[in-house]
Structures are given as structure tokens and as C-alpha cells.
Peer 1: 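Following this message is one structure expressed as C-alpha cells.
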Amino acid sequence: MARDDDRQVYEAGKAEPKWQRLWTEKGCFETGEGGERPASDRPTYYVLEMFPYPSGRIHMGHVRNYAMGDVVARAKSAQGFDVLHPMGWDAFGMPAENAAMERNSHPAKWTYANIDAMREQLKAMGLAIDWSREFATCDPEYYAQQQALFLDFLDADLLTRKSATVNWDPVDMTVLANEQVVDGRGWRSNAPVEKRELTQWFFRITDFAEELLEAIDTLDGWPEKVRVMQRNWIGKSRGIEIPFALTAPAAGIGAVDCYTTRPDTLRGASFLAISPEHPLSIALSEGNADIAAFRDECRLAGTSEEALEKAEKRGLDTGLSVVHPVYPEKTLPVWIGNFVLMDYGTGAVFGCPAHDQRDLDFARKYDLPVVNAFHMPGETADVGTEALVPAKTEEVVYTEHFAGLEKATSNAGIDTTIDWMEAKGLGKGQVRYRLRDWGLSRQRYWGCPIPVVHCDACGIVPEKKENLPVRLPDDVTFDRPGNPLERHATWKHTTCPACGKEATRETDTMDTFVDSSWYFARFCSPRAETPTDRAEVDRWLPVDQYIGGIEHAILHLLYSRFFARAMAKTGHLSPDSVEPFRALFTQGMVTHETYSRKVKTNEGVERDVFFTPDEVTRGEDGVMRDAAGEAVTVGPTIKMSKSKRNTIDPEEIIARFGADTARWFMLSDSPPERDVEWTEAGAEGAARHLQRVWRLVTEAADKLGDTRDPATGTSDLRKTTHRAIRAVTDDIAAFRFNKAVAQIYGLTNAVAGDRGDDPAALREAVETLILLMAPMTPHLAEEAWAALGHERMVVETPWPEADPALLKDDRIMMPVQVNGKKRAEIHVDADADKSVVEQAALAEDAIQKLLAGGSPKKVIVVPGRIVNVVL
RNA sequence: GCGGGCGUAGUCCAACGGUAGAGACAGAGGACUUAAAAUCCUUCCAGUGUGGGUUCGAAUCCCACCGCCCGCACCA
């Protein structure tokens, strides 16, 4: 039997490619740049999602991230902004080299193939992206400009070369990042990692520590969480450096400098602890087998978090002693402590057991004195097994008027002591930061070559700008570990840009974080012959809305903030753009249930075998089973990951339901900053809603015919429509996409329930519904818009405006409470006087009964909200 | 240890200090159907982690505790 409702099924598979093609043909999302198209006089809006690493396929996290950015881009565009919404590829990095090794191929080949595949996947999402600005950071055109920036930074003293300790993998013959060292071994080679001193390039980010810290206060469009993380990372501390003179110089060292933030506890100092890597420890170990052995032990101990947690606080008495700077009659023993870090402070601390738990544990263990520096007011008890560590804002009584102190907060005590000690020449007040300079040298091939030359005669010589880019050679092999640039037959042999003699190129490449520290600026003029075009960056930057994962809360964002400052210093950016991201939104992860079963291996060890969502089905009894019918355990809902096999492939979802469904579901229910759980039922529900909207539209289109009369009157449907406009507009602006979605459901229900007696109002409602949905489900919106008889596309249609007159009611219901409990309802004019409302409330039977003839103590009328009668 | 966040129907989530319910998922019943799917209609379900406090009124503000998540951390 032929079905007559065939047209009521919305076929995303047909509609989506069609509209994507039409958008592209019309260049709907291309943003004018300089000469290509005249810059519009509309206000600009730059929305950017963190660009992806081209791993090969997009994942659901990308879908969520880019769906959010697309909602913002499309809504802002409809609201009259000239929107810049670009996309590119963070394309350098190790996975490409690993893939090249595995396949005996070339990183570029793998990377560009991945980019092609992922571009198609992103295009299938129907994103409003200006693809004409696309670039990959591995494009020579991009890294040439990055090299130019490097040279300008070098010239402006924003870079330095110094020796640093790095993790060295002796098998892969490369430097490893801390994250790549697992339990002291290289994550790939599994070889024990060595510490090596290498001369490396550093960005002088620490010169900006104070500025980067202070400016955090201005980032009011950022999540508080990220601001706190950045503050902590910079880690400003104020303290004092105090030299402790050795009673007898040893190994040519006369004093040990200690840095402390708590000089007010100096009276309680009872020992000095120095790092095993401290110069004094090293010097002493030369002639002392015990010390040498202790140092070796410390070096071998794990540095993982877990190892540190469990590691015992151990020490070794050097036999040396120092003079207490404030009480010269006292001497303190010098210990080597395994808990003292060489790379924080001076690598030496004084131990104050009375007011530091770790020091107390150490003192008890090695039977060192415990001397109090202060006690709580009214108490004099000595410290037992717990150190006395009050909040710095609490008042304490300092012992023996140390530094002239008596009763003061520790904060005040610290200030006073620093001044007092400085005046006496006992130490020097200091501000320190935890932030370290950013080492950017990587002994890798697939990165941006550092454009300098090593010349025997001239030293380090920057490459000339006209010789840029220093290109990566194509003819490299990955059949051996190590850096192919190092062993390439000819690449590194060049001539000195200064003297013209034979010289060698730097074979290190840049950290990939460099690539992502300025790409947002490059998008403003991606083909410029200089890193930026000042007119363009001044027009677009700072980025109005940046969206990405919380995992980049520290490094990427901090580096970008540094880069913007460095680029401003070198004239590539306006000083007004030193904060590159006006607003930041960090979206939550996409999670899914896990499915597993315990399996015994041949060795008899139990381990979990995981199943993908495709491999399991829920039986009628509610039990999950694999293809063979065996039950599997439904595990916790966690971030989608390959190892737990709980991933859903966006491409399959788009093929099955369409991109709009995937987008809609991603934006529904969960607030965008929280994790969202992908469920089959949820996806089906989203698809059902889109079908319902399509059905309503096609039904309405029949009913409405060619009506073009503007809607008039104040019917409930019109009020619902205009309230939805207000709410959705506000919710999108505030990143409450889940609420915007809920509002749209409400409007949909209103349209579905309408009897159609006012065709103009119904048309207004349906058209509004489509326009409000358009940022989230753009294809369905276009298809529906066309079905309603429009010739202009939705992307060319302005955002609907709410009529203020329809946002308020004439008569409203107000609940009446008695002592905070609801007892009655009254209906009054919306603008009724308080006294009128009060009269009406008190006149209610239920209220009269409770009053029982008496009069209320108080009547509180909150206009438009509630009446509370207090008895 | 320090810091940040979150606890509301079976689930995901709403609720300027003002009637705990906008919305979705799931469930139940019904209509349509030979039946099912789809669709439509109706409907059940919590007093807001716990204990105090402030207030006319607290999910919301304050304090303490419990639980979960995240970040940093031998940081001197």
C-alpha cells in the first residue's frame, strides 16, 4: 500500500549534503579579509574552538566542542555580527613520527592524509566555518612565519639559551617530556630514563611572571577554576633568602643560602636540610662514601607521584654545622634530606619542627630538637606529635619577642621579620615564582626547525629572514631511533649567515606548544607574508570566545598569553591584545558506559576484557550480552577512550541519524561545562524530536498556505513564541545550551498543541521555532525554512526579535503564603499596587480562616512574585 | 596537604532568596492497528546529601560534617 505521509519523514542523509553544498557555493561563512572582500561595517565577533590534532578521525569530544562553537558562530552571525570562525590543524608532533616508524612511511604523508579525512568528517557536521582560512601548523608557510617570530623574539631578548636537566631516553635517543616518563622509564622504549644536561632554547616567560599573574584578575570572561589554576602554576611567593654561615668552611663553601616564606619561624630552626643535588652535597660526596651512597639512593628513588607519597623522609647528617643567624650562640646541624628539591628555592631549607609537620616527623626520627617560635594566645604547651600550624590570618604570640614581635598574625609576623632581618643585614627579601622558563628545544624531526646556525667562528647565528623557511628535508627515514635531522647527509651543513664560512644548522625543532601559541592570530590573515597583518589582527583580536577542553587550562593558555605579549613587544600584535582570549569556555567530556568481562589468562591471572557498544546488546531481561550471548558487566560511565573501548564513532552516528541529531543531542540535557553521557536512547530521542519538528512544519505549511500577514494580538501562542525568543537568545549568549534546548522543546509542544485558529500566529511560532533551532540543527532548519516557502536561506535570515509587549502578562497568579507556607492563590493585575495585592490576599477565605479574626503581624508583598502573611 | 567544583524525581537536568518542575530520557495506562513499529493523549515519581544558623520565606546565603569529581603538590 502506498503511504501518503512519505513526505513527512525528514531524510537527513539527503538534506544535509545538499545544504552543505549550497552554503559552500554561496560562500556563506567566508569572512572578508583585506582586499578580497570589503570589510563589512558590522561589529566583529571572533569565535574559536581549540584546533584539533589530526589523529585520523574525529571523536565525540570534537563533535561537542565544534557543535558549541558553531551555535555561537551561527547565532552571532544572525544577530548582525561579522563572524570569524576558522579551523586549522595542530599538525606537528610525535604521533606522526611514531606512525612513520610503524609504517616505514613519512610523517607528512600520514598527517596530511589524516587532515583530509578529518576535514571531510568536520564538513559532514555542517559547521559554519570559513574553510578558506584553513592551515596546518606543519605547512611551510605557517612555520616560516613562526621562524620569523622566533628571530624577532631572539632580537628582543625574549629567548635565551641555557643548560638544563632533561629526561633522556637512551634507546630512542631523544628528550622526553615529563609526561612521557612512566615510573622512571621511557613510555615507548621502556628504557630507564637518564638525567642529562643539555643546552636548550628557552622562552623567557619568567620575565612576564608578575604581569601574567596580575592580568589574571582582568580575565573576567574566564572560568574561575582556570584562573586559579594559572595563579597556582605561576606560584608567586614572598619570602627571604638567608645565608647560614658554616662553622667551618667545607669544600670551599662558606655558607648555605636558604629560601623561606616563613622567616617568622626562624627562632624554631633546629637543623638545615640540603638537597642531595645541592653543590655542597656533591662536593662532600667526593671524599665521603656514605654521602655518595646516600646521594645514589636518592637519585634511584622513583619520582612518580605515588613514589613520592610513600617515600620515607630520610636524611644523612653531614657532620657540618651552621650558625643560627639570629642567635649566633646556637649552631644547627646540616643534614642531607631526600625531600629537599634542588630546583625549588635554593635547594636548602631550615627545618622548623615545631611549625611544620614534615620537619617534625624528621626531627622525631633523627632525634633533633623541637623549638617553638610562637604559641596560640593563652597556651604555652610544647609541640607533641603534631606541629602547630595555624592559619596565617590567626593571631599567635611570638616567643621572646622575636624580631620585636609579640601578638600578631603570621602574615604580619612574616612582613615584620623580613624588614627586621633586611635592616640587620641577615637576609634579602625576595619574590619567587614557581613558573620556570619554557624550554622549547625538542630532539625531533616533525616540528618547526629552530632557525639558527652554529658557526665555529661566530657562535650562534640567527638565520636570515630572507632564507626562511628553514624547511624540513623530505628525504628522511625513521628506521633508526634518534633525530633524522641529526644524521641527514646534507641538511645540517650550511654556511654561516654572518661570516659565510661552513657551519651547521641547529637540528632541534620547537615544542609543538609553540605552534598552538599564536595560531589564533594567524587565522586573521593566514596568507600574509609576515606573521600577522596588523590591520587584520587589530580588527579581530582578541578572540571574543574561545572554547576547548579543561586539559589546556594551564600550559596552552599560559603560553598563548605569553606569546601575545611577546608578539606585542615585537610589533606583531596590538598592545590591546596581550590577553588573546576575552572569554574562555571549557566544555565537559563525553562519557559512555563501559562493558567488560573478567577473563582468566593462560597464567591464571584475571583481567578485564572490554567490549565496544556495538558488540553488546541488551536482552529483554535487561542483561547486556555479547554477540555470543554471554553476559557482560556494565561498568562505570567514563570518558570515551580507546583503551576502555567505550567510544562511539561520530561518522557512524552522522550516517545513521544525521549531523543535526548528533549536534542536538550534544547540546541537550547536560550543562556544557559538565560531562555528558552518550546514550543510545538519548540519540534516538534527539532524532525523534527532529522528525517531530519536521512533521509539525510540513503540517503547518499546509495549514498556513501562503499567509504572509504579520501576526497580531496577544494570544498565548504568541506569548509563548516571544518568550522562547527571549529565553533562547539569553541562554545561547550565556552558554546554557541545555536550557535553550529545553525552551525549544517547550515551543515545539506549544506549536503541536495549537489548534490552528490563528494562522498568522501559528506561522510566527513555527518560523520562530525554526530560526531558534537553526544554530543547533542548521540543516533541518534550512530544509524546513524552504518548505515554509522562503527563498532566502536561514543563514541569510536575521535572528528573531522578542516583542517586549508579549513578554509580560496583564493578569497574573500570585501564591499567598502564611508564615512561609503556601495557603492560597490570588489573581491580580500584573501592575497592581502592593496595597491592592495585600487586600486581595487577606480577603481570601483560606487566609481569613487562618487569621481567625486577628490581624497579621506583617504582610510582605513581592511584586509579581508572592505574598507572605506573617502571623 | 592546598585549591576549585558538584550533591534536586529511577536517570540527565530546571528553578532573580519567593508555589520545588522548564525540558528530556526511562516507566505505566490508553487511542490508532489484525498485530507491531511510528505517532498521539493521559499519567506515576522527589521536598533538594546530613546537621545547625540567618530570614517573613532557603535547593539557593553562612558554618560544620559526609560523599563524589577535578587541578596542584616533598613548594621550604
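Keep in mind that this is a model prediction, so the values were computed, not measured.
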Peer 1: Would you indicate, yes or no, if B:C25 has its OP1 or OP2 atom less than 4.0 angstrom from a side-chain nitrogen or oxygen of A:Arg688?
Peer 2: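 The answer is yes; a side-chain N or O of A:Arg688 sits under 4.0 Å from OP1 or OP2.
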Peer 1: Would you say the base of B:C56 and the side-chain of A:Lys858 have a donor-acceptor pair closer than 3.5 Å?
Peer 2: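 Between B:C56 and A:Lys858, which were checked side chain against base, a qualifying N/O pair under 3.5 Å is absent.
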Peer 1: Could you tell me whether A:Pro671 contacts a base, only the sugar-phosphate backbone, or nothing, with contacts defined as non-hydrogen atoms closer than 4.0 Å?
Peer 2: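 Contact class for A:Pro671: sugar-phosphate only.
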Peer 1: Grab the CG-P distance between A:Asn232 and B:G4 for me, whole Å please.
Peer 2: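 Those two atoms, CG and P, are 9 Å apart.
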Peer 1: Can you tell me which nucleotide in B:C75, B:G18, B:C25 comes closest to the side chain of A:Ala681?
Peer 2: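 It is B:C25.
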Peer 1: Sub-3.5 Å donor-acceptor pair from the side chain of A:Thr768 to the main-chain atoms of A:Thr721, do we have one?
Peer 2: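 No; judged by distance alone, with no hydrogens or angles, the pair does not exist.
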Peer 1: Reckon A:Met813 touches a base, only the sugar-phosphate, or nothing at all at heavy-atom distances under 4.0 Å?
Peer 2: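 Answer is base: heavy atoms of A:Met813 come under 4.0 Å of a base.
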Peer 1: Which residue, A:Val676 or A:Asp356, contacts RNA chain B at a nucleotide closer to its 5' end, judged by nearest heavy atom?
Peer 2: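 The residue whose closest nucleotide sits nearer the 5' end is A:Val676.
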Peer 1: Once you round it to whole Å, what is the distance between C1' of B:G23 and CE of A:Met776?
Peer 2: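 Going from CE in A:Met776 over to C1' in B:G23 covers 13 Å.
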Peer 1: Round to a whole Å and report the spacing from CG of A:Asp264 to P of B:A76.
Peer 2: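 Going from CG in A:Asp264 over to P in B:A76 covers 13 Å.
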Peer 1: OP1 or OP2 of B:A24 versus the side-chain N and O atoms of A:Asn749: is any pair under 4.0 Å?
Peer 2: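 The answer is yes; a side-chain N or O of A:Asn749 sits under 4.0 Å from OP1 or OP2.
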Peer 1: Whether the A:Arg561 and A:Gln230 side chains hold a donor-acceptor pair (N or O, under 3.5 Å, no angle test) is what I'd like checked.
Peer 2: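 Yes, a side-chain donor-acceptor pair sits under 3.5 Å.
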Peer 1: With heavy atoms under 4.0 Å as the rule, sort A:Ser670 into base, sugar-phosphate or nothing.
Peer 2: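 Contact class for A:Ser670: sugar-phosphate only.
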Peer 1: Rounded to the nearest angstrom, tell me the gap between atom CG in A:Leu690 and atom P in B:U39.
Peer 2: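 Taking CG of A:Leu690 and P of B:U39, I get 12 Å after rounding.
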Peer 1: Look at the side chain of A:Asn338 and decide which nucleotide, out of B:C13, B:C74, B:A24, has an atom nearest to it.
Peer 2: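 Of B:C13, B:C74, B:A24, B:C74 is nearest to the side chain of A:Asn338.
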Peer 1: What I want to check is whether an N or O donor and acceptor connect the side chain of A:Asp669 with the base of B:G23 at under 3.5 Å.
Peer 2: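 Looking at the base of B:G23, it does pair with a donor or acceptor on the side chain of A:Asp669 (distance under 3.5 Å).
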Peer 1: Should the pair A:Arg692-A:Glu699 be classified as a salt bridge under the 4.0 Å nitrogen-to-oxygen rule?
Peer 2: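 The answer is no: the pair does not qualify as a salt bridge.
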Peer 1: Searching all strands shown, indicate the nucleotide that pairs with B:G21 (Watson-Crick or G-U wobble; both distances under 3.5 Å).
Peer 2: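 Across all strands, the one nucleotide that pairs with B:G21 is B:C13.
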Peer 1: In this structure, how many angstroms lie between the C1' atom of B:C40 and the CZ atom of A:Arg695, rounded?
Peer 2: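 In whole Å, B:C40 C1' lies 9 Å from A:Arg695 CZ.
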Peer 1: Are A:Arg692 and B:C40 close enough that a side-chain N or O sits under 4.0 Å from OP1 or OP2?
Peer 2: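 For B:C40, OP1 or OP2 has a side-chain N or O of A:Arg692 closer than 4.0 Å.
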Peer 1: Looking at A:Arg434, does any N or O in its side chain come under 4.0 Å of the phosphate oxygens OP1/OP2 on B:A73?
Peer 2: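 Indeed, a polar side-chain atom of A:Arg434 lies that close.
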Peer 1: Does the side chain of A:Thr586 reach to within under 4.5 Å of the side chain of A:His552, using non-hydrogen atoms?
Peer 2: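 Answer no - side chains too far apart.
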Peer 1: Counting only side-chain N and O atoms of A:Tyr745, is one of them less than 4.0 Å from OP1 or OP2 of B:A24?
Peer 2: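 The answer is no; no side-chain N or O of A:Tyr745 sits under 4.0 Å from OP1 or OP2.
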Peer 1: Using a cut-off of strictly less than 4.0 Å, decide whether A:Asn738 has a side-chain nitrogen or oxygen near OP1 or OP2 of B:A14.
Peer 2: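 Yes, within the criterion.
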Peer 1: Hey, which of these two, A:Lys392 or A:Gln817, hits RNA chain B nearer its 5' end, going by closest nucleotide?
Peer 2: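 The 5'-side residue here is A:Gln817.
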Peer 1: Counting side-chain heavy atoms from CB outward, which of B:G3, B:A76, B:C56 is closest to A:Ile860?
Peer 2: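 Out of B:G3, B:A76, B:C56, the nucleotide with an atom closest to A:Ile860's side chain is B:C56.
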Peer 1: Counting only side-chain heavy atoms from C-beta out, which of B:A14, B:C75, B:U19 sits nearest to A:Arg358?
Peer 2: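 The closest nucleotide is B:C75.
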Peer 1: Would you kindly give the CZ-to-C1' distance between A:Phe665 and B:U11, to the nearest whole Å?
Peer 2: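 So the CZ-C1' distance, A:Phe665 to B:U11, works out to 12 Å.
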Peer 1: Suppose we call two aromatic rings close when their centres sit under 6.0 Å apart. Are A:Phe513 and A:His556 close by that rule?
Peer 2: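 No; A:His556 has its ring centre 6.0 Å or more from that of A:Phe513.
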Peer 1: Look at all strands and tell whether A:Val869 reaches a base, only sugar-phosphate, or nothing, counting heavy atoms closer than 4.0 Å.
Peer 2: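 Here A:Val869 touches no strand at all.
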Peer 1: Please give, in whole Å, the distance from B:U55 C1' to A:Asn868 CG?
Peer 2: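 After rounding, the reported distance stands at 11 Å.
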Peer 1: Please name the nucleotide paired to B:G7 by Watson-Crick or G-U wobble geometry with both distances under 3.5 Å, or report none.
Peer 2: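 In the structure as shown, B:G7 has B:C66 as its Watson-Crick or wobble partner.
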Peer 1: To the nearest angstrom, how far is A:Asp730 atom CG from B:A15 atom P?
Peer 2: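 Taking CG of A:Asp730 and P of B:A15, I get 13 Å after rounding.
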Peer 1: Using a heavy-atom cut-off of under 4.0 Å over every strand shown, decide if A:Arg674 touches base, sugar-phosphate, or nothing.
Peer 2: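 Result for A:Arg674 = sugar-phosphate.
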Peer 1: For A:Val870, answer base if it contacts any base atom (sugar-phosphate contacts may also be present), sugar-phosphate if it contacts only those atoms, and nothing otherwise; contact means non-hydrogen atoms under 4.0 Å.
Peer 2: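 Contact class for A:Val870: sugar-phosphate only.
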Peer 1: Between A:Tyr10 and A:Thr698, does any side-chain donor sit less than 3.5 Å from a side-chain acceptor?
Peer 2: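 No.
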Peer 1: If you measure from CD1 on A:Ile234 to OG1 on A:Thr206, what distance do you get to the nearest 0.5 Å?
Peer 2: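 Reported to 0.5 Å precision, the distance equals 11.0 Å.
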Peer 1: Under 3.5 Å for both donor-acceptor distances, Watson-Crick or wobble: does B:A58 have a partner, and if so which one?
Peer 2: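 When the pairing criteria are applied, nothing turns out to pair with B:A58, so the answer is none.
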Peer 1: If the cut-off is 4.0 Å, is A:Lys739 near the phosphate of B:A15, judged by side-chain N/O to OP1 or OP2?
Peer 2: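 Answer yes for this pair, as a side-chain N or O of A:Lys739 is under 4.0 Å from OP1 or OP2.
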Peer 1: Ion pair present between A:Arg736 and A:Asp730, side-chain N to carboxylate O less than 4.0 angstrom?
Peer 2: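 The answer is no: the pair does not qualify as a salt bridge.
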Peer 1: Among the candidates B:A24, B:C70, B:C16, find the nucleotide nearest to the side-chain atoms of A:Val862.
Peer 2: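 Output: B:C16.
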Peer 1: Consider the side chain of A:Val228, meaning its heavy atoms from C-beta on, and name the nucleotide among B:G4, B:A22, B:G18 that approaches it most closely.
Peer 2: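 Of all the options, the side chain of A:Val228 is nearest to B:G4.
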